[in-house]
> 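One structure coming up, written as structure tokens, with questions to follow.
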Amino acid sequence: MSRKQQWLTALMILVIIVMGSGCTANHTTSTRQASSTSSAKVAASTSRKAKAKAAVIDWTKPSETKAYPTITTQNPITLTVSLAKQRVYITQHDQLVYTMYCSTGMHDSTPHGTFHIIDRGAHFYNPHERMGAKYWTSFKDTTYLFHTVPTDEAGHYIRKEAQYLGKKPSSHGCVRLSIPDAHWINQHVPNGTTVIIK
């Protein structure tokens with residue numbers, strides 16, 4: 001083998017070695033990137049699941065663990081319904097004292113404005129809507145109410161509807177609440193109490 005052939009053979013071997021190293025490096029980088037992407041996807045998925053789990057609202061319990069506010073003539077409350085946040089904010093002397101999860105009317109069907117509590121009752125059923133509710137308290141005429149998540153004709157709570165509490169509008173205009181929250185308003189909030197919906 002001539003010196004020129006030896007030199008060409010050595011050069012080819014060197015090229016093969018360098019190319020092989022490059023492929024290995026690229027493969028390793030690729031594997032690292034895939035692993036990193038996979039880890040990021042798993043972390044994002046876990047984060048979404050954790051948020052979804054944290055976002056579960058128990059419609060059978062009060063919205064907060066602290067006691068409901070005490071209402072007196074000297075300490076009246078105002079109920080402010082936030083349509084954007086699906087919350088009812090209870091204030092006394094302009095101080096927030098309690099927050100309730102709610103579900104308002106679909107297609108912006110809950111009236112906007114300032115109203116007052118005028119009446120109350122234990123339960124109702126609307127055959128046209130095939131839904132009822134318990135612990136209703138009206139704030140405008142007798143059409144718009146605070147009440148529990150909906151019930152069926154037999155008075156059983158409709159779980160499928162209850163899952164929207166605090167998350168999105170799902171009523172026909174009324175303000176749905178958890179069972180204890182609706183019961184508290186029904187039993188303790190006096191007629192004439194201001195209700196602001198915005």
Side-chain angles (χ1 to χ4, degrees), residues 55-64 68-73 75-198:
V56 172
I57 294 168
D58 190 343
W59 49 272
T60 66
K61 293 183 178 178
S63 293
E64 294 198 53
Y68 291 111
T70 301
I71 305 169
T72 64
T73 308
N75 292 301
I77 65 166
T78 298
L79 303 171
T80 301
V81 180
S82 170
L83 300 172
K85 295 185 178 178
Q86 296 296 286
R87 299 289 187 271
V88 176
Y89 299 110
I90 301 175
T91 54
Q92 280 181 315
H93 305 295
D94 297 323
Q95 296 294 314
L96 180 65
V97 293
Y98 202 92
T99 302
M100 295 178 173
Y101 297 115
C102 73
S103 185
T104 58
M106 297 177 287
H107 314 298
D108 202 27
S109 57
T110 300
H112 298 221
T114 300
F115 310 97
H116 296 89
I117 298 295
I118 55 174
D119 202 4
R120 64 202 68 231
H123 58 83
F124 72 91
Y125 180 75
N126 184 333
H128 175 68
E129 294 176 0
R130 295 184 186 176
M131 285 184 196
K134 297 179 182 178
Y135 310 124
W136 64 267
T137 306
S138 64
F139 56 84
K140 182 179 185 294
D141 308 322
T142 54
T143 309
Y144 296 98
L145 319 166
F146 287 105
H147 59 66
T148 64
V149 294
T151 58
D152 60 21
E153 189 174 6
H156 302 121
Y157 291 104
I158 304 170
R159 292 174 180 271
K160 184 179 177 182
E161 290 290 327
Q163 69 182 345
Y164 301 125
L165 189 69
K167 296 177 183 175
K168 69 175 191 176
S170 57
S171 78
H172 295 96
C174 291
V175 180
R176 296 176 177 177
L177 302 165
S178 75
I179 300 168
D181 290 354
H183 184 260
W184 180 79
I185 288 177
N186 181 272
Q187 296 295 306
H188 297 280
V189 177
N191 286 0
T193 298
T194 301
V195 177
I196 300 169
I197 302 176
K198 56 185 180 179

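Only a predicted model underlies this, so the values are computations on that prediction, with no experimental measurement involved.
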> Calculate, to the nearest 0.5 Å, the distance between atoms NE2 and OG1 belonging to His112 and Thr104 respectively.
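Answer rounded to 0.5 Å: 8.0 Å.
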> Check whether any side-chain N or O of Thr148 sits under 3.5 Å from a backbone N or O of Ala182 as a donor-acceptor pair, and report yes or no.
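Between the backbone of Ala182 and the side chain of Thr148 there is no qualifying donor-acceptor contact (under 3.5 Å).
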> Can you measure from CG (Asn191) to CD1 (Ile118) and round to the nearest 0.5 angstrom?
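Going from CG on Asn191 over to CD1 on Ile118, the span is 8.0 Å.
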> Work out which heavy atom in Lys140 is nearest to a heavy atom in Phe115; give both atom names and the distance.
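So the minimum-distance heavy-atom pair works out to CD-CE2, 3.3 Å.
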> Would you say Thr78's side chain and Thr91's backbone share a donor-acceptor pair under 3.5 angstrom?
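Here the side-chain-to-backbone pair does not exist.
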> Minimum heavy-atom separation for Gln92 and Thr70, please, with both atom names.
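Distance-wise, the nearest heavy atoms are NE2-O, 2.9 Å.
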> Quick one: does any side-chain atom of Asn186 pair with a main-chain N or O of Thr137 as donor and acceptor, under 3.5 Å?
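No.
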> Less than 4.5 Å apart, side chain to side chain, heavy atoms only: is that true for Met106 and His172?
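Yes, side chains in contact.
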> Quick one: does Ser103's side chain have a donor or acceptor within less than 3.5 Å of a partner on Lys168's backbone?
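Looks like yes, one N/O pair under 3.5 Å.
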> Nearest 0.5 Å please: distance from the CG atom of Leu165 over to the CG atom of Leu177.
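Here the rounded value is 7.0 Å.
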> Using a cut-off of 6.0 Å, state whether more than 12 heavy atoms not belonging to His116 lie near its atom NE2.
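Enclosed.
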> Tell me if a side-chain donor or acceptor on Ser63 pairs with a main-chain N or O of Tyr101 at a distance below 3.5 Å.
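Yes, Ser63 side chain to Tyr101 backbone: donor-acceptor pair under 3.5 Å.
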> Indicate the atoms forming the closest heavy-atom contact of Lys61 with Pro180, along with that distance.
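That closest heavy-atom pairing would be C-CG, 3.5 Å.
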> Between Trp136 and His123, what is the shortest heavy-atom contact and its length?
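Closest approach of Trp136 to His123: NE1-O, 3.6 Å.
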> Are any of the side-chain heavy atoms of Pro190 and Ile71 separated by less than 4.5 Å?
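Yes; the side chains approach each other to less than 4.5 Å.
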> Is any side-chain heavy atom of Tyr157 closer than 4.5 Å to a side-chain heavy atom of Ile179?
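In contact.
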> List the residues meeting side-chain hydrogen bond (donor to acceptor under 3.5 Å, both in side chains) with Thr60, not counting sequence neighbours, and say none if there are none.
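So Thr60 forms a side-chain hydrogen bond (donor to acceptor under 3.5 Å, both in side chains) with Asp58.
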> Distance from Ile90 atom CD1 to Ile185 atom CD1, nearest 0.5 Å?
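Ile90 CD1 to Ile185 CD1: 5.5 Å, rounded to 0.5 Å.
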> Decide yes or no on side-chain contact (heavy atoms from CB on, under 4.5 Å) for Phe139 and Val175, but give the supporting numbers first.
CA-CA 10 Å; Phe139 56 84; Val175 180; 4.1 Å; yes
> If you measure from OG on Ser178 to CE on Met100, what distance do you get to the nearest 0.5 Å?
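The CE atom of Met100 is 7.0 Å from OG of Ser178, to the nearest 0.5 Å.
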> What do the steps show when you test Tyr98 against Ile77 for side-chain contact (heavy atoms from CB on, under 4.5 Å), and what is the final call?
CA-CA 10 Å; Tyr98 202 92; Ile77 65 166; over 6 Å; no
> Let me confirm one number: the OH-CZ distance from Tyr164 to Arg176, rounded to the nearest 0.5 Å.
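Answer rounded to 0.5 Å: 9.5 Å.
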> Show the nearest heavy-atom pair for residues Val81 and Cys102, with the distance to one decimal.
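Smallest heavy-atom distance, with atoms named: CG1-SG, 4.4 Å.
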> Which heavy-atom pair separates Thr142 from Leu145 by the least distance, and what is that distance?
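Residues Thr142 and Leu145, closest heavy atoms: O-CD2, 3.9 Å.
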> Applying salt bridge (charged side-chain N to carboxylate O under 4.0 Å, His left out) as the test, list every pair that has at least one member in residues 102-126; sequence neighbours left out.
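Qualifying pairs: none.
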> If you count the non-hydrogen atoms of other residues, nucleotides and ligands that lie under 6.0 Å from NE2 in His107, is the total more than 12?
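It does not: His107 NE2 has 12 such atoms or fewer within range.
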> Please check: side-chain N/O of Asp152 versus main-chain N/O of Arg130, any donor-acceptor pairing under 3.5 Å?
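Not a single qualifying donor-acceptor pair exists.
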> Would you say Tyr68 and Asp181 are linked by a side-chain donor-acceptor pair, where the criterion is simply a distance under 3.5 Å?
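Distance-only check passes for Asp181 and Tyr68.
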> Between Gln163 (side chain only) and Lys160 (backbone N and O only), is there a donor and an acceptor less than 3.5 Å apart?
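Yes, Gln163 side chain to Lys160 backbone: donor-acceptor pair under 3.5 Å.
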> Return yes if some donor-acceptor pair links the side-chain N/O of Ser171 with the main-chain N/O of Gly173 below 3.5 Å, else return no.
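Checked: pair present.
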> So, using salt bridge (charged side-chain N to carboxylate O under 4.0 Å, His left out) as the criterion, who are the partners of Glu64 when residues are at least two apart?
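Listed in chain order: Lys66.
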